[in-house]
Amino acid sequence: MQIPVFTVDAFTNRPFSGNPAAVCLLENDLDEDLHQKIATEMNLSETAFIRRLHPGDDFTKSSCFGLRWFTPANEVPLCGHATLAAAAVLFHIQKNTNSVLTFVTLSGELKARQVEDHIVLDLPLYLTYPQVLQEVEELIKTAVGDVIVQDLRYSPDTKKLLVRLSDAYERSVLEELQVSTQCFLSAEKTGKVKGLILTLKGNSSGKHKGHDFYSRYFAPWYGIQEDPVTGSAHAVLSSYWSEQLGKKEMLAFQCSRRGGELKISLRNDGRVDIAGKIAIVLKGNLTF
């Protein structure tokens with residue numbers, strides 16, 4: 001069997017930065033267990049599988065496809081950067097002729113469209129709620145040590161904990177923070193956290209001016225120590241920072257080692273448009 005496979009760096013236009021995802025085009029049904037085996041083999045934070053929904057569908061002409069995402073450890077309900085990567089393969093490699101693509105996923109229907117040199121994802125917007133420190137104190141201490149925390153929120157829909165660092169800190173504090181994720185699982189006693197977001201308000205002056213907020217994202221519960229650039233985390237961050245800053249249009253930067261930029265626009269229908277650039281770095285075939 002041969003399956004076309006691509007590696008796409010998402011939320012960047014420079015190869016070897018942003019967040020890499022593998023994308024597989026499934027012409028035929030794939031045995032259920034092979035999805036996970038392939039994702040483990042690819043060993044990227046996510047592998048996306050695009051499938052045709054009907055026998056007559058075509059990767060060039062059809063506008064609606066099935067989409068699933070797998071980490072090296074398990075299937076996940078939502079992945080922004082791998083959706084961006086999947087859309088990039090259809091638009092740029094398959095030369096799909098539609099202006100909007102629809103993906104049927106575990107998180108409902110997601111739409112992607114091209115706007116100039118960006119691909120725009122229409123994602124759910126997830127609200128956050130105040131989180132009591134005592135419940136997650138050990139996890140936060142493990143993650144940030146003595147760094148001052150200004151706010152603490154929880155997103156029940158995504159099981160993500162949002163930790164806002166003090167506005168007194170510069171971006172460099174977040175970038176240089178040594179986060180040891182191997183102790184997260186034992187430190188998290190509630191069982192309700194599956195992802196940890198560290199975030200910091202942007203700086204309107206200095207060399208990094210222009211970004212409204214910064215973040216880093218950790219998900220060892222899904223086998224991901226640190227994710228380079230995370231669309232799904234920004235579906236949470238967007239609602240929080242929009243409320244805090246009083247803005248619906250924002251520019252975000254995820255300051256992992258690879259780094260990536262996201263353009264954010266809150267919609268009037270309770271969803272969020274998250275736009276990013278892409279770089280396709282590998283084309284080939286899986287053979288087995």
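Start at 1 with the first residue, then count along the sequence.
For H234 and F213, the gap between ring centers is short of 6.0 Å.
A252 and I264 make their closest contact through CB-CD1, 3.9 Å (heavy atoms, listed as atom of the first residue, atom of the second, distance). Taking every heavy atom of both residues into account, H81 and P20 meet most closely at NE2-O, 3.3 Å. Pairing each heavy atom of S265 with each of E249, the nearest pair is OG-OE2, 2.9 Å. Across all their heavy atoms, I224 and E46 have their closest contact at CD1-OE2, 3.9 Å. Of all the heavy atoms in A187 and T142, the pair that sits closest is CB-OG1, 3.5 Å. Residues P15 and A279 come closest through the heavy atom pair N-CB, 3.9 Å.
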| task | In sequence, state the C-alpha distance, the side-chain angles, and the governing distance for R271 and D269, and then conclude on salt bridge (Lys or Arg N to Asp or Glu O under 4.0 Å). | result | CA-CA 6 Å; R271 296 175 68 83; D269 60 359; 5.0 Å; no

| message | Set out, in order, the CA-CA distance, both residues' side-chain angles and the distance that settles salt bridge (Lys or Arg N to Asp or Glu O under 4.0 Å) for D167 and R164, then state yes or no. | response | CA-CA 8 Å; D167 290 354; R164 175 181 176 180; 3.0 Å; yes

| task | Decide salt bridge (Lys or Arg N to Asp or Glu O under 4.0 Å) for K263 and D212; before the verdict, give the C-alpha distance in whole Å, the side-chain angles of both, and the deciding distance to 0.1 Å. | result | CA-CA 10 Å; K263 288 176 69 174; D212 292 287; over 6 Å; no

| How far apart are the C-alpha atoms of K37 and E41, what are their side-chain angles, what is the distance that settles it, and do they pass the salt bridge (Lys or Arg N to Asp or Glu O under 4.0 Å) test? | CA-CA 6 Å; K37 286 180 178 176; E41 182 81 7; over 6 Å; no

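Two different hydrophobic clusters hold Y217 and I140 under the rule that ILVMFWY side chains link at heavy-atom gaps under 4.5 Å. Neither Y240 nor L152 shares a network with the other; the hydrophobic side chains, linked directly or stepwise wherever heavy atoms of I, L, V, M, F, W or Y lie under 4.5 Å apart, form separate groups for each. No path of Ile, Leu, Val, Met, Phe, Trp and Tyr side chains, each step under 4.5 Å between heavy atoms, connects V147 with I197, placing them in separate hydrophobic clusters. In this structure, L67 is a member of the same hydrophobic cluster as L101, with clusters built from ILVMFWY side-chain heavy atoms closer than 4.5 Å.
Salt-bridge annotation for E135 and K192: present, with a side-chain N of the basic residue lying under 4.0 Å from a carboxylate O of the acidic one.
L110 has its side chain out of reach of L121: every pair of non-hydrogen atoms, C-beta onward, lies at least 4.5 Å apart. Proximity of L198 to V179: side-chain heavy atoms (C-beta onward) are separated by under 4.5 Å at one or more points. Contact of the V89 side chain with the V8 side chain is registered, since non-hydrogen atoms from C-beta on lie closer than 4.5 Å. Side-chain contact check for I119 versus F91: some heavy-atom pair is nearer than 4.5 Å. M250 is listed as a side-chain neighbour of W241, based on a closest heavy-atom distance under 4.5 Å. Looking at heavy atoms from C-beta onward, V149 lies out of side-chain contact with S166 at the 4.5 angstrom threshold. Between L262 and V229 the shortest side-chain heavy-atom distance falls below 4.5 Å.
At most 12 heavy atoms of other shown residues, nucleotides or ligands fall within 6.0 angstrom of atom CZ in R14. Annotation for K189: atom NZ counts as buried by contact number, over 12 foreign heavy atoms lying within 6.0 Å.
Donor-acceptor pairing under 3.5 Å is recorded for the side chains of S180 and Q182. Side-chain contact of T102 with K111: a donor-acceptor pair under 3.5 Å is present, judged by distance alone. Counted by atom type alone, S242 and Q244 present zero donor-acceptor pairs between their side chains at under 3.5 Å. Donor-acceptor pairing under 3.5 Å is lacking for the side chains of T12 and D9.
For residues 279-288, the side chain to side chain donor-acceptor pair (under 3.5 Å) pairs, not counting sequence neighbours, are Q2-T287. Pairs passing the side chain to side chain donor-acceptor pair (under 3.5 Å) check and including a residue from residues 64-78, sequence neighbours excluded, read E32-R68, R68-E75, W69-T83, T71-N74.
In this structure Q178 satisfies the side chain to side chain donor-acceptor pair (under 3.5 Å) test with no other residue, sequence neighbours excluded. Residues satisfying the side chain to side chain contact (heavy atoms under 4.5 Å, CB included) test with S62, not counting sequence neighbours, are D57, D58, F65.
A donor-acceptor contact shorter than 3.5 Å is absent between the side chain of T60 and the backbone of N96. Judged by distance alone, the side chain of R153 and the main-chain N or O of L161 form no donor-acceptor pair under 3.5 Å. Judged by distance alone, with hydrogens and angles left aside, the side-chain atoms of E138 form no donor-acceptor pair with the main-chain N or O of K141 at under 3.5 Å. A donor-acceptor distance shorter than 3.5 angstrom exists from the side chain of S256 to the backbone of G259, with no hydrogens or angles considered.
In the hydrophobic clustering, I38 connects to M1, I3, V5, L26, L30, L34, M42, F49, F70, L286, F288, either directly or through intervening members, whenever side-chain heavy atoms lie under 4.5 Å apart. Grouped with Y129 in one hydrophobic cluster are L127, the linkage being side-chain heavy-atom contacts under 4.5 Å among Ile, Leu, Val, Met, Phe, Trp and Tyr residues.
With rounding to the nearest 0.5 angstrom, the CG atom of D122 is 10.0 Å from the CD1 atom of I274. Taking CZ from F103 and CZ from R51, the interatomic distance works out to 11.5 Å, rounded to the nearest 0.5 Å.
Remark: K194 is not positioned above the aromatic ring of Y222, lacking an NZ or CZ atom under 6.0 angstrom from the ring centre and at most 45 degrees off the axis.
Using a 30° and 60° split on the angle between ring planes, F253 and H211 fall in the tilted class, from 30° to 60°.
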